[in-house]
Amino acid sequence: MAIAFLITWTGCPKESPSDLRVVNAGKSQQNEDQACCEFVTVEKRDGKLSDCKEPQDLKIVTGKKCLSQEDKGFLFYYWGLFDGHAGCGCAIAASRLLHLHICDHLRDLVHIIPHSAAAPLNLDPGTRIDHIAGVKTPENAQPPEVAVRFHLEKQVFPESLVVGAIENAFKEMDEQIKKERTTYKIEGGCCALVAVYLMGKLYVANAGDSRAIIIRQGETISMSQEFTPETERQRLQFLAFLKPELLGNEFTYLEFPRRIQQKELRKRMLYRDHTMTGWAYKTIEVEDMKFPLIYGEGKKARVMATIGVTRGLGDHDLKVYNSNIYIKPFLSCIPDVRVYNLAECQHSPDDVMVMGTDGLWDVISDKEVADTVKRVFSSPATDIQNRYNIAAKELVLQTRGILQENCWRLSNGTLASGDDISVFVIPLAGLEAEYKHQ
């Protein structure tokens with residue numbers, strides 16, 4: 001069986017544990033980094049498009065709740081990293097439930113995915129969606145009328161159906177958190193990085209600043225995009241331009257190289273808005289004196305001076321400090337989903353996917369991660385049966401650093417990661433072997 005290894009470090013600067021047990025950093029009573037690794041069976045629905053009518057129905061679901069035991073469908077592997085902030089409640093809820101939402105949406109595809117190749121689906125103009133999903137309809141039901149002369153069918157590939165299922169699962173997970181946050185005390189929010197291995201392909205979905213890379217033959221392939229105030233500047237500015245009431249009359253959606261001072265009123269200053277990637281000059285007006293929607297750069301960039309990530313789950317109660325301005329409208333729960341087809345390349349035991357929260361990537365580059373994994377795998381002292389676990393441990397140790405004069409530092413003397421660190425190391429060759437035996 002293919003196995004993924006997770007090592008988590010929530011380092012406390014006053015302790016240096018001899019093993020790699022999780023040590024709470026003191027942000028919350030429980031660790032804000034949460035993880036999940038599951039093997040899920042997806043089976044068809046029992047004659048209707050949705051067995052789980054409401055999001056809250058899933059809170060009592062176990063892995064077997066989604067199964068009918070009568071008709072086999074398909075299997076998928078699942079890994080998830082959830083980097084919580086402002087508490088651990090949202091990360092815990094997502095780690096326990098998101099894969100169930102994905103399972104529920106994939107059930108609509110049981111009659112499509114296992115029997116379809118990479119070619120686009122061939123749907124006749126009169127084909128009903130419930131016929132595709134294997135849902136029984138009355139014998140006297142009439143197909144919808146179709147204006148053939150205007151008919152133009154878009155190509156829909158099976159892969160895009162899986163992507164859509166994952167995207168909708170994220171939306172439903174966020175909606176469930178919204179509805180149940182008071183009842184179950186689901187505080188804060190979380191970034192979510194998820195990998196689904198299904199029918200020979202890896203689907204990597206990211207909402208936040210966690211990241212995943214594939215290391216293949218020593219080279220790295222990015223499998224995610226970070227969503228920060230800087231990378232999503234134009235989306236945030238455009239929303240504020242369309243709905244200025246969201247700014248609460250305290251912020252401006254325009255971006256300037258620095259804060260505008262009173263003495264610069266009526267003077268010319270560089271700026272950019274949602275339509276621009278470059279910079280231009282404008283005359284500073286009174287409205288421009290407000291605090292900018294996006295302020296700072298790099299890891300210090302913030303939306304409304306509050307949060308440094310722009311996608312994730314939760315944060316439904318997050319407000320600008322000492323105000324009544326909600327930030328959630330600017331935060332999206334929709335993930336970026338990237339697909340990697342394992343069949344397109346022969347993989348060796350050294351080829352892996354590394355998933356990590358931002359505590360890892362803040363202080364180490366893709367190449368340094370690949371070099372560390374290579375060094376661990378090539379060491380004669382490495383236990384072959386435990387090599388992926390050892391690689392994950394080494395990545396955590398390397399980014400945690402060593403304690404020097406009451407400060408954690410990397411081997412080169414620079415500051416080590418001050419954040420929680422969670423890492424998955426997933427062997428790609430093992431996944432291929434599993435798929436061939438299914």
Side-chain angles (χ1 to χ4, degrees), residues 1-8 20 35-40 74-81 118 159 162-163 166 193-206 210-226 335-361 364-399 421-438:
M1 173 179 284
I3 300 175
F5 294 93
L6 169 71
I7 298 297
T8 303
L20 285 173
C36 181
C37 179
E38 297 286 347
F39 179 63
V40 185
F74 52 82
L75 313 172
F76 71 86
Y77 289 95
Y78 170 89
W79 301 266
L81 288 179
E159 180 180 289
V162 178
V163 172
I166 295 172
L193 175 63
V194 162
V196 172
Y197 180 68
L198 171 63
M199 308 295 287
K201 294 182 179 180
L202 266 172
Y203 297 82
V204 181
N206 185 46
S210 298
R211 292 185 52 225
I213 64 170
I214 281 176
I215 304 172
R216 187 182 69 197
Q217 298 175 3
E219 301 296 324
T220 61
I221 302 170
S222 177
M223 289 300 297
S224 63
Q225 173 189 347
E226 290 181 88
D336 168 62
V337 184
R338 301 189 180 186
V339 185
Y340 181 80
N341 189 350
L342 273 74
E344 293 180 351
C345 182
Q346 188 71 29
H347 297 92
S348 74
D350 291 349
D351 296 336
V352 298
M353 180 168 72
V354 177
M355 300 169 61
T357 54
D358 64 324
L360 175 76
W361 307 105
I364 193 171
S365 67
D366 293 3
K367 185 180 184 304
E368 289 172 318
V369 169
D371 290 343
T372 298
V373 171
K374 180 180 179 180
R375 172 169 52 82
V376 170
F377 288 173
S378 60
S379 172
T382 299
D383 179 6
I384 297 298
Q385 299 298 322
N386 206 28
R387 63 206 311 258
Y388 306 107
N389 191 20
I390 295 173
K393 287 182 180 180
E394 183 60 29
L395 287 171
V396 172
L397 283 172
Q398 184 175 338
T399 48
I421 308 168
S422 296
V423 178
F424 271 122
V425 175
I426 304 168
L428 301 182
L431 294 177
E432 282 185 304
E434 278 295 305
Y435 176 60
K436 292 176 181 178
H437 283 87
Q438 287 179 7

Report task. Step through it carefully: locate the ring centre of Tyr388, locate the ring centre of Phe424, and say whether they are under 6.0 Å apart. Result -> no

**Report entry** Positive for side chain to side chain contact (heavy atoms under 4.5 Å, CB included) with Ile215, one of Ile221, Val352, Leu428
**Finding:** Val352

Report summary line: Residue pairs meeting salt bridge (charged side-chain N to carboxylate O under 4.0 Å, His left out), one or both in residues 339-360, sequence neighbours left out, come to Lys299-Asp358, Asp350-Arg387

Requested in this report: Using the salt bridge (charged side-chain N to carboxylate O under 4.0 Å, His left out) rule, collect all pairs that involve residues 367-378, keeping only residues at least two apart or in two chains.
Outcome: Lys367-Asp371, Arg375-Glu394

Check: [X] side chain, [Y] main-chain N or O, donor-acceptor pair, under 3.5 Å:
X: Thr382; Y: Phe377; result: no
X: Tyr197; Y: Leu431; result: yes
X: Ser422; Y: Thr357; result: no
X: Asp336; Y: Asn206; result: no

Using 0.5 Å steps for rounding, measure from the [atom1] atom of [X] to the [atom2] atom of [Y].
X: Lys393; Y: Asn386; atom1: NZ; atom2: CG; value: 6.5 Å
X: Asn389; Y: Asp383; atom1: CG; atom2: CG; value: 9.5 Å
X: Ile384; Y: Ile390; atom1: CD1; atom2: CD1; value: 8.5 Å

Considering non-hydrogen atoms only, spot the tightest contact between [X] and [Y] and give its length.
X: Ala35; Y: Leu81; result: CB-CD2, 3.9 Å
X: Val354; Y: Trp361; result: O-CZ2, 4.1 Å
X: Leu198; Y: Tyr203; result: O-CE1, 4.1 Å
X: Val163; Y: Val339; result: CG2-CG2, 4.1 Å
X: Arg211; Y: Ser224; result: CA-OG, 3.2 Å
X: Ala370; Y: Gly218; result: CB-O, 4.4 Å

**Report entry** Heavy-atom check, side chain of Val204 versus side chain of Tyr340, under 4.5 Å
**Finding:** no

Requested in this report: Using a 4.5 Å cut-off on heavy atoms from C-beta on, say whether the side chain of Met355 contacts that of Met223.
Outcome: no

My understanding is that only residues two or more places apart in sequence, or in another chain, count here; which of them pass side-chain hydrogen bond (donor to acceptor under 3.5 Å, both in side chains) with [X]?
X: Gln398; answer: Thr372
X: Tyr78; answer: none
X: Thr399; answer: none
X: Asn341; answer: none

Query raised in the report: Can you name the residues that form a salt bridge (charged side-chain N to carboxylate O under 4.0 Å, His left out) with Glu226, not counting sequence neighbours?
Result: none

**Report entry** Residue list, salt bridge (charged side-chain N to carboxylate O under 4.0 Å, His left out) with Arg216, at least two apart or on another chain
**Finding:** none

Query raised in the report: When you look at Thr220 and Val369, which way does the side chain to side chain contact (heavy atoms under 4.5 Å, CB included) test go after all the steps?
Result: CA-CA 9 Å; Thr220 61; Val369 169; over 6 Å; no

